[in-house]
Amino acid sequence: MENVKGGTRSVKSTMLRMWTYYEAIIYILVATLTIYTPVRFFLIDYVASPLRFYSDLAVFLAVLLALPVVWRRIFPLHPAEWFFLAFTLIGLISSFINGIPLFHALGGLRGYFLFFFLTVVLYRLALDRAWVVRLLQLAMGVAVFLVLTSVFGLILFGSYGPSAWVEALSLTNKGRLLGLLKNPNGYGAYLMMMLLVVIAWYLQASFGRRQKQAFVPVFAAGGQGLASPAVFGLCLFAFLFALMYTFSRSSWLGMAFGTVTLAVLSLRQWRKAWLPVLVVALMIVPFFFPVAKYMPTFENAPFARDGGGVDQSLAELRQERLEETFSDDTLLLSQGSGRLFRLQIGAQIIREHFWFGTGLATFGGSGAMNSPYNIHEEYGLQPDFPADNQYLRVWVETGTLGFAAYMGMLLTVVASLFRIRRRSRDGLTRWLATVLLAWALGMGVLNVLANMMEVQQLSFLLWTWYGLLLALDRYERERAVAGSAGTAGR
């Protein structure tokens with residue numbers, strides 16, 4: 001009998017170790033995605049095109065490995081998960097009503113919420129705080145590498161990115177920094193998110209030699225985890241330099257709003273106010289003063305040739321881009337074929353498909369280019385017609401019911417961030433909640449001007465870090481309950 005009991009204990013311990021191995025594999029998959037997503041287009045175009053499927057494969061494997069653990073902890077569902085299920089159901093019903101094939105509809109759903117499945121998994125995994133810190137530091141390390149690569153490439157070699165990508169840019173986009181992310185707006189949004197991390201850390205960090213922080217990003221670590229002012233200053237300059245040279249107006253505006261959010265939430269010492277003031281000024285001033293005209297181009301031939309064979313100065317093109325942001329000509333053009341025109345078309349479609357929309361992957365996104373629905377012919381749109389507005393796209397595709405579920409999900413996430421930040425006593429948890437709140441406002445602005453929730457390097461960071469925050473919060477609450485039970489038992 002004793003042998004049987006001993007054998008049972010051995011099996012249980014083996015099972016526990018096996019689940020630990022599975023969890024380690026999941027963390028490794030998340031770590032590889034942290035490296036992969038920012039350089040995804042570079043790997044696809046210059047290494048191997050099948051790598052485009054790595055994110056889908058990694059998420060699928062993570063969910064598959066986590067199923068035995070997650071299934072036991074699936075309930076109670078987080079409020080955001082209820083809204084996700086409601087949005088999924090409405091989107092599929094909408095697609096069925098409009099005759100959209102199931103495979104195509106699921107592809108559209110994937111574009112919205114591929115990485116939300118990582119939130120579901122990370123929220124329920126056994127927390128390994130060391131892994132959480134490593135993942136956060138790895139994300140910052142990757143960002144620093146990409147920024148330094150693009151900045152030194154521009155300054156030393158006059159390179160705005162891989163030559164094939166630069167040559168493919170339209171005339172109005174010439175002279176904008178691409179880095180290894182292929183799209184200047186995507187790169188600008190990525191820099192916005194990671195620069196907000198830098199600012200959030202600075203507002204909560206101490207540069208005293210006797211105080212160690214609960215979390216010091218790898219870019220600012222010096223010696224035994226102490227903050228290094230020199231390294232921090234270098235990285236701050238590099239991030240701001242790269243963000244300015246993307247000339248991404250939406251990212252600049254998102255950065256300004258996100259920085260104000262951080263200042264309101266975290267500024268406790270007036271001597272640190274210089275940083276948010278500097279960043280907001282850099283993001284706003286170029287719209288009203290000819291700053292871009294005097295920024296160096298770093299090219300041997302700082303000109304771009306238009307369709308008529310006339311060379312135009314890159315500096316002049318940049319300045320025109322900024323000056324035209326609020327001009328009457330831009331307003332008229334926007335009404336004819338730009339963002340205001342898309343809003344008008346979207347409003348017309350919403351009126352005609354008010355409750356359930358036109359179906360997933362049918363309007364203004366990558367999936368819509370191959371849509372079996374004839375929405376483009378019906379409304380006289382080109383197949384590559386971009387929505388350039390995340391909220392408009394959701395409303396058109398899933399109707400008012402789907403839009404309500406989508407906004408309910410996002411607002412629930414924001415409410416949970418405020419709640420976690422208010423009740424937590426853990427420095428890392430509060431810091432991460434603060435960063436995510438700044439991201440939420442910055443991304444909220446970006447999504448009015450682009451479909452940024454479908455850009456993988458952005459949605460991965462948002463949903464993965466949110467899942468890590470939920471895990472930290474759950475662990476803290478469970479530990480508090482266990483402590484209270486222990487105290488009551490004594």
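Hydrogens, waters and symmetry mates play no part in the numbers below; they use all other heavy atoms, side chains included.
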Enquirer: Looking at T37 and Q456, would you say the former's side chain and the latter's main chain have a donor-acceptor pair under 3.5 Å?
Expert: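 Flag not set: sc T37 to bb Q456 has no pair under 3.5 Å.
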Enquirer: Taking R52 for the side chain and I44 for the main chain, is one N or O donor matched with an acceptor at less than 3.5 Å?
Expert: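 The answer is no, because no donor-acceptor pair under 3.5 Å joins these two groups.
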Enquirer: If every non-hydrogen atom of T34 is compared with every non-hydrogen atom of A139, which pair is closest and at what distance?
Expert: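 Shortest heavy-atom contact: CG2-CA, 3.5 Å.
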Enquirer: For residues A256 and I284, report the shortest heavy-atom separation together with the two atoms involved.
Expert: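 Nearest pair, atom of A256 first, then I284: CB-CD1, 4.1 Å.
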Enquirer: Using salt bridge (Lys or Arg N to Asp or Glu O under 4.0 Å) as the criterion, list what pairs up with R110, not counting sequence neighbours.
Expert: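 Counting only residues at least two positions away or on another chain, R110 forms a salt bridge (Lys or Arg N to Asp or Glu O under 4.0 Å) with D56.
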Enquirer: Do F117 and F84 have their ring centres less than 6.0 Å from each other?
Expert: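 Yes.
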Enquirer: Please check this pair: side chain of N183 against backbone of G186, looking for a donor-acceptor N/O pair closer than 3.5 Å.
Expert: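 Here the side-chain-to-backbone pair exists.
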Enquirer: Are any side-chain N or O atoms of E397 and backbone N or O atoms of G91, one a donor and one an acceptor, separated by less than 3.5 Å?
Expert: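 Flag not set: sc E397 to bb G91 has no pair under 3.5 Å.
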Enquirer: Would you say D45 and W165 make side-chain contact, with heavy atoms under 4.5 Å?
Expert: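 Yes; the side chains approach each other to less than 4.5 Å.
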Enquirer: Between L236 and L275, is any pair of side-chain heavy atoms under 4.5 Å apart?
Expert: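 A side-chain contact exists here, since the closest heavy-atom pair is under 4.5 Å.
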Enquirer: Please indicate whether F60 has more than 12 foreign heavy atoms, meaning atoms of other residues, nucleotides or ligands, lying under 6.0 Å from its CZ.
Expert: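 No, because the 6.0 Å sphere around CZ of F60 holds 12 heavy atoms or fewer from other groups.
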Enquirer: Which class fits the ring pair Y406 and F87: parallel under 30°, tilted 30 to 60°, perpendicular over 60°?
Expert: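 Rings of Y406 and F87: tilted, as their planes differ by 30° to 60°.
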Enquirer: Please report the interatomic distance OG1(T398) to CZ(F363), rounded to the nearest 0.5 Å.
Expert: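 Here the interatomic distance stands at 12.0 Å.
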Enquirer: Do L136 and W431 touch side chain to side chain, with heavy atoms closer than 4.5 Å?
Expert: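 Result yes, sub-4.5 Å side-chain heavy-atom pair found.
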Enquirer: What residue among V39, L146, V455 forms side-chain contact (heavy atoms from CB on, under 4.5 Å) with L181?
Expert: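 It is L146, the one option of V39, L146, V455 that forms the side-chain contact (heavy atoms from CB on, under 4.5 Å) with L181.
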Enquirer: Kindly give the heavy-atom pair with the smallest separation between G359 and S94, and that separation in Å.
Expert: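 Where G359 meets S94 most closely, the heavy atoms are N-OG, 3.0 Å.
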Enquirer: Is the closest side-chain heavy-atom distance between I350 and F403 below 4.5 Å?
Expert: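 In short, these two side chains do not touch, never coming nearer than 4.5 Å.
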Enquirer: With sequence neighbours left out, write down each residue that passes side-chain contact (heavy atoms from CB on, under 4.5 Å) with A105, or none if nothing qualifies.
Expert: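 Checked A105 against side-chain contact (heavy atoms from CB on, under 4.5 Å); matches are L92, S95, I100, L360.
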Enquirer: Answer with yes or no after comparing the ring centroid distance for W463 and F115 against a 6.0 Å cut-off, counting only values under it.
Expert: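 Not under 6.0 Å, so no.
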Enquirer: For the rings on W201 and F232, is their centre-to-centre separation under 6.0 Å?
Expert: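 Ring-ring flag for W201/F232: true, centres closer than 6.0 Å.
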Enquirer: Using the side-chain contact (heavy atoms from CB on, under 4.5 Å) rule, take L243 and L177 through it: C-alpha gap first, then chi angles, then the decisive distance, then the call.
Expert: CA-CA 8 Å; L243 180 57; L177 191 61; over 6 Å; no
Enquirer: Within this structure, what is the CG-CG distance for the pair L432 and L437, rounded to the nearest 0.5 Å?
Expert: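 One gets 10.0 Å once the value is rounded to the nearest 0.5 Å.
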Enquirer: For the residue pair L125 and W131, establish whether any side-chain heavy-atom pair is separated by less than 4.5 Å.
Expert: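 Side chain of L125 against side chain of W131, heavy atoms only: no contact under 4.5 Å found.
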Enquirer: Might you point out which heavy atoms bring A361 and G108 nearest each other, and give the distance in Å?
Expert: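 Heavy atoms only, the tightest pair is CB-CA, 3.7 Å.
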Enquirer: Hey, what do you get for CZ (F247) to CH2 (W252), rounding to the nearest 0.5 Å?
Expert: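 Taking CZ in F247 and CH2 in W252, the distance rounds to 5.5 Å.
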Enquirer: Between the main-chain N or O of G444 and the side-chain N or O of Y391, is there a donor-acceptor pair closer than 3.5 Å?
Expert: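 Yes: the side chain of Y391 pairs with the backbone of G444.
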Enquirer: Calculate, to the nearest 0.5 Å, the distance between atoms CG and CE belonging to L462 and M452 respectively.
Expert: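 If I round to the nearest 0.5 Å, the distance is 13.0 Å.
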Enquirer: Say whether, by atom type as modelled, one donor and one acceptor occur between the side chain of T464 and the main chain of L461 under 3.5 angstrom.
Expert: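 No, T464 side chain to L461 backbone: no donor-acceptor pair under 3.5 Å.
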Enquirer: If the condition is side-chain contact (heavy atoms from CB on, under 4.5 Å), which residues does T259 pass it with, not counting sequence neighbours?
Expert: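 With neighbours one apart ignored, the set is L196, I199, M255, P276, V279, V280.
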Enquirer: In Å, rounded to the nearest 0.5 Å, how long is the span from CG of L417 to CG of L265?
Expert: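 Rounded to the nearest 0.5 Å, the CG-CG separation comes to 10.5 Å.
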Enquirer: Side chains of T434 and L262: closer than 4.5 Å at any heavy-atom pair?
Expert: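 When only atoms from C-beta onward are counted, L262 and T434 do touch, with a gap below 4.5 Å.
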Enquirer: F241: which residues meet the side-chain contact (heavy atoms from CB on, under 4.5 Å) condition with it, sequence neighbours left out?
Expert: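 By the side-chain contact (heavy atoms from CB on, under 4.5 Å) rule, F241 matches V151, L154, I155, F237, Y245, F298.
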Enquirer: Please assess M192 against L446 for the test side-chain contact (heavy atoms from CB on, under 4.5 Å), listing each intermediate value before the final yes or no.
Expert: CA-CA 10 Å; M192 177 204 79; L446 285 175; 3.7 Å; yes
Enquirer: Is any side-chain heavy atom of V414 closer than 4.5 Å to one of F418?
Expert: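 Yes. Closest side-chain heavy atoms under 4.5 Å.
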Enquirer: Considering residues at least two apart in sequence or located in another chain, which fulfil the side-chain contact (heavy atoms from CB on, under 4.5 Å) criterion with A130?
Expert: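 side-chain contact (heavy atoms from CB on, under 4.5 Å) check on A130 returns D128, R134.
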Enquirer: Is any side-chain heavy atom of C235 closer than 4.5 Å to a side-chain heavy atom of V198?
Expert: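 Answer no - side chains too far apart.
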Enquirer: For S248 versus N185, what's the shortest heavy-atom pair and its separation?
Expert: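 Scanning both residues, the minimum pair turns out to be OG-OD1, 3.1 Å.
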Enquirer: Please check: side-chain N/O of T149 versus main-chain N/O of F145, any donor-acceptor pairing under 3.5 Å?
Expert: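 Yes, T149 side chain to F145 backbone: donor-acceptor pair under 3.5 Å.
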Enquirer: Between N389 and L449, is there a donor-acceptor pair closer than 3.5 Å when you use the side chain of the first and the backbone of the second?
Expert: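 The answer is no, because no donor-acceptor pair under 3.5 Å joins these two groups.
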Enquirer: Set out, in order, the CA-CA distance, both residues' side-chain angles and the distance that settles side-chain hydrogen bond (donor to acceptor under 3.5 Å, both in side chains) for N98 and T358, then state yes or no.
Expert: CA-CA 6 Å; N98 289 285; T358 60; 5.9 Å; no
Enquirer: Go through it in stages, so that I can follow the logic: the residues are E81 and M409, the test is side-chain contact (heavy atoms from CB on, under 4.5 Å), and I'd like the CA-CA distance, side-chain angles, deciding distance and then a yes or no.
Expert: CA-CA 8 Å; E81 294 172 332; M409 180 179 179; over 6 Å; no
Enquirer: Return the CE to CE distance between M453 and M443, rounded to the nearest 0.5 Å.
Expert: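 Those atoms lie 5.5 Å apart.
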Enquirer: Using side chain to side chain donor-acceptor pair (under 3.5 Å) as the criterion, list what pairs up with Y36, not counting sequence neighbours.
Expert: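 Y36: side chain to side chain donor-acceptor pair (under 3.5 Å) contacts with R40.
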Enquirer: Looking at Y202 and K272, what are the two nearest heavy atoms and their distance?
Expert: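 Y202 and K272 have their closest heavy atoms at O-NZ, 2.9 Å.
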Enquirer: Are R176 and Y187 in a cation-pi setup, meaning NZ or CZ lies under 6.0 angstrom from the ring centre and within 45 degrees of the ring axis?
Expert: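 No cation-pi geometry.
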Enquirer: Decide side-chain contact (heavy atoms from CB on, under 4.5 Å) for L410 and F83; before the verdict, give the C-alpha distance in whole Å, the side-chain angles of both, and the deciding distance to 0.1 Å.
Expert: CA-CA 9 Å; L410 297 184; F83 279 112; over 6 Å; no
Enquirer: Can you confirm whether or not the ring centre of Y466 sits under 6.0 Å from the ring centre of W439?
Expert: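 Distance test on ring centres: not under 6.0 Å, no.
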